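Structure first, commentary second.
Below, read A as the first sequence line, B as the second, and so on, with proteins coming before strands; counting in each chain starts at 1. Reckoned from all heavy atoms, side chains included, excluding hydrogens, waters and symmetry mates. It should be emphasised that the depicted structure is a prediction, and the values quoted were computed from it without experimental measurement.
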2 protein chains.
Amino acid sequence: MSLTDTSKSANCLAMSDVLNRIGDKWSVMVVGILGQNGTLRFNELKRMINGVSQRMLTLTLRNLERDGLVTRTIYPEVPPRVEYSLTELGKTLQVPISGLWDWSAEHHGAIIDARAIYDARENATVAAEPRKAAYARG
Amino acid sequence: MSLTDTSKSANCLAMSDVLNRIGDKWSVMVVGILGQNGTLRFNELKRMINGVSQRMLTLTLRNLERDGLVTRTIYPEVPPRVEYSLTELGKTLQVPISGLWDWSAEHHGAIIDARAIYDARENATVAAEPRKAAYARG
DNA sequence: CAGAATCCGATCGGATACTG
DNA sequence: CAGTATCCGATCGGATTCTG
């Protein structure tokens, strides 16, 4: 099944459900990082994922576990040790995620540039024609 | 540059920025749909993307335009006609998005199944050991 | 260490009404 | 048709505190 399949646009209701998880920033991060490193502990993940709070990492991992993408292994030691890794399903997801990741690395600069140009034009327009900003942030 | 590149994990700050746009459900939808259909008008997009509100579609399109991924062409007619299509940059993004899309179509069922199993186990545990739900939704 | 629980401001996003 | 503007409830998500 490819994107040219016209049934896909009708089927985008199902896609929508998947995107609610996949389309989440932290989920993509976790799958990407786990895909690279194999198995990691909670705080290892936390350190590797820039800016994630403990709360969000916990929630993200629970959701990924629930969706069958990540396994959670608890070692009954003290201090506790919990290890996370991708399931087989998660590994298949890691492929398209990796594609997205590579795209980001390659084209991030272009996006930054485009934003600068857009904003410059925007400001110029506003200066010439001082109306209220359209749908301003929010 | 591939995912095995260790500089990537350090570089995930930049990735994070891109994911703020890409990792958005509606953005992925719009790029996917425009990638399939070439050029579409506002209300055509709205009809094809299930569940999007007018407001969110407008905001999504503005952000994609700002990031240089989508072009917006206004035809000064009455009634107004505005057409959207992918830029060259947007077309390159359409490739990984398509990968994600295909993955969703293929594995959505597996995720649904995993959720059912997880929830069943969850409920059983709660029934046997009636404690407060952990981090319940939110 | 790996969370859980709670508080609470910030943002999201749908519904609605209006316009060129 | 293709938006814009505003209201406002719902959700997100960081900060903080507490625990086995």
Can you measure A:R72 atom CZ to C:dA2 atom P for me and round it to whole angstrom units? 11 Å
May I ask you to evaluate whether B:R41 reaches the phosphate of D:dC1, defined as a side-chain N or O under 4.0 Å from OP1 or OP2? no
Starting at atom NZ of A:K25, determine the distance to atom P of C:dT11, rounded to an integer number of angstrom. 13 Å
Taking CG from A:D24 and P from C:dT11, how many angstroms apart are they, rounded to a whole number? 18 Å
Looking only at side-chain N and O atoms, does B:Y84 come under 4.0 Å of OP1 or OP2 in D:dG3? yes
Answer yes or no: is there a side-chain heavy-atom contact under 4.5 Å between B:M29 and B:M48? no
Among all residues two or more places apart in sequence or in another chain, which pass the salt bridge (Lys or Arg N to Asp or Glu O under 4.0 Å) test with A:R47? none
With sequence neighbours excluded, tell me which residues meet side chain to side chain contact (heavy atoms under 4.5 Å, CB included) with B:K91. B:L86, B:E88
How close or far is atom P of D:dG3 from atom CZ of B:F42, stated in whole angstroms? 5 Å
Closest of D:dG3, C:dA4, D:dA2 to the A:T58 side chain is C:dA4
Those residues that, when tested against B:T87, pass side chain to side chain contact (heavy atoms under 4.5 Å, CB included) (two or more places apart): B:T71, B:L89
Rounded distance (Å) that lies between atom P of C:dC1 and atom CD of A:E83: 14 Å
Contact letters for nucleotides 15-20 of chain C, in which S counts primed atoms plus P, OP1 and OP2 and B counts the base, heavy atoms under 4.0 Å: BBB--B
If you check every side-chain atom of A:M56, which of C:dA4, D:dT4, D:dG13 has the closest atom? D:dG13
Under the salt bridge (Lys or Arg N to Asp or Glu O under 4.0 Å) definition, can you give me all pairs with a residue in residues 22-43 of chain A, not counting sequence neighbours? none
Under the side chain to side chain contact (heavy atoms under 4.5 Å, CB included) test, residues paired with A:V30 that sit two or more places apart: A:L34, A:I49, A:L57, A:T60, A:L61, A:L64
Round to the nearest Å and state the distance from B:R62 atom CZ to D:dA2 atom C1'. 9 Å
